[in-house]
Each structure stands twice: as C-alpha cells, then as structure tokens.
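Quick notes on the structure that follows.
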Amino acid sequence: MRELVLAMTELESQLQQLYGVSLNEAMLLCCIGEETLTASVISEHTGLAPSNTSKVLRSIEKKGLISRSLGEVDKRQMCFSLSDKGMETLMRIKREEIKIPEFLAPLF
C-alpha cells in the first residue's frame, strides 16, 4: 500500500511541476477531451463523487483550462469543454508522456 501511495504522489508531483495541474485535474482534462460534457457525465466517466467533480471543475476553470456553457437542450444544465489553453495543456501531457512510476506502469 505504501508503494502505491508513493507512486501516486510522484505522479501527481510531476503533473504539478510540468503542467501546473493535479492528478484529478489532468484526469478531467483527459475525460473532456474534444467533447462538451455535463458535470454528471464527467463524474460517471472519472468515478469521482459529484461534489469532488464540482470542486475540480471549479479549480480548472479558475486556471482557464475549461469553459462552461448552458446546455443546448436543457438550459438548466451546465456543460464543460476545454478552452484553447486546456486543449494545449492536454496535448502537452499526451505528447510529452510524463514518466509513469514503475509501480503504476501496469495500469497504463
């Protein structure tokens, strides 16, 4: 268990240093990708609790990585898509392929 926690800490540290995002923030960027999704869909796809999803969405919105818009069908829904800065960050993460800690490599 200790090795898992250390590996996750190392991965998160790399994401923070290289791209300025946490592990959960990077996960949401990957989830949204080129789509426009509601918070509930993002929560389902990532496995994060709805309250945690909202917190992470606010965080990446403050960083200018996503934009929010009203739903086309249901105007009460909020939809999220990557901003240009968010898409650039996601492409950098994918292109530069950060070093995955050995303990986590089988998961990727």
Side-chain angles (χ1 to χ4, degrees):
M1 184 62 120
R2 184 173 185 273
E3 289 177 11
L4 176 61
V5 171
L6 288 174
M8 294 297 290
T9 302
E10 181 183 335
L11 178 59
E12 181 143 24
S13 177
Q14 287 183 57
L15 286 167
Q16 193 66 50
Q17 288 176 345
L18 296 172
Y19 310 107
V21 295
S22 70
L23 182 58
N24 283 344
E25 291 170 343
M27 188 167 57
L28 262 64
L29 293 177
C30 290
C31 176
I32 296 170
E34 294 185 17
E35 299 183 76
T36 299
L37 303 174
T38 63
S40 60
V41 170
I42 294 169
S43 182
E44 287 174 23
H45 288 189
T46 60
L48 294 174
S51 60
N52 199 13
T53 299
S54 294
K55 177 182 165 189
V56 177
L57 284 168
R58 277 192 309 276
S59 174
I60 59 177
E61 186 176 27
K62 284 181 184 176
K63 293 179 181 183
L65 301 175
I66 60 170
S67 58
R68 90 176 42 215
S69 59
L70 293 176
E72 290 185 22
V73 176
D74 185 347
K75 299 294 184 194
R76 296 170 296 172
Q77 276 189 326
M78 278 296 173
C79 296
F80 301 90
S81 57
L82 296 185
S83 65
D84 291 341
K85 182 179 177 182
M87 186 60 77
E88 179 183 312
T89 302
L90 178 59
M91 291 300 112
R92 282 185 55 220
I93 291 170
K94 288 182 174 184
R95 182 178 57 244
E96 295 171 10
E97 295 184 18
I98 64 171
K99 182 181 178 237
I100 304 297
E102 188 176 318
F103 188 76
L104 297 176
L107 300 174
F108 293 87

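In this chain, numbering begins with 1 at the start of the sequence shown. Note: hydrogens, waters and symmetry copies are ignored here, and every other heavy atom, side chains too, is used. From a predicted model like this one, the values you see are computed outputs, not experimental measurements.
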Please give me the minimum heavy-atom distance between [X] and [Y], naming the atom from each residue.
| X | Y | value |
| --- | --- | --- |
| T89 | L65 | OG1-CD2, 3.6 Å |
| M87 | G33 | CE-O, 3.6 Å |
| S22 | E12 | CB-OE2, 3.0 Å |
| G20 | K63 | O-NZ, 2.8 Å |

Between [X] and [Y] (side chain of the first, backbone of the second, donor and acceptor by atom type, cut-off under 3.5 Å), is there such a pair?
| X | Y | answer |
| --- | --- | --- |
| S83 | G64 | yes |
| S43 | A39 | no |
| T9 | V5 | yes |

Measuring from atom [atom1] of [X] to atom [atom2] of [Y], what distance do you get when rounded to the nearest 0.5 angstrom?
| X | Y | atom1 | atom2 | result |
| --- | --- | --- | --- | --- |
| E10 | L15 | CD | CG | 11.0 Å |
| N24 | N52 | CG | CG | 5.5 Å |
| E61 | S67 | CD | OG | 8.0 Å |
| I93 | E25 | CD1 | CD | 9.5 Å |
| E44 | S40 | CD | OG | 5.5 Å |
| Q14 | L23 | CD | CG | 11.0 Å |

Note to self: Heavy-atom count check: over 12 atoms from other residues, nucleotides or ligands less than 6.0 Å from E96 CD?
What the structure shows: yes
Next item on the list: Check whether any side-chain heavy atom of C79 sits under 4.5 Å from a side-chain heavy atom of T38, and report yes or no.
Entry: yes
Margin query: Taking the side chain as everything from C-beta on, heavy atoms only, tell me whether L70 gets closer than 4.5 Å to Q77.
Written below: no
Among [options], the one residue meeting side-chain contact (heavy atoms from CB on, under 4.5 Å) with [X]:
| X | options | value |
| --- | --- | --- |
| F80 | L57, T36, L37 | L57 |
| L28 | L90, I42, V21 | I42 |
| L6 | E3, R2, M8 | R2 |

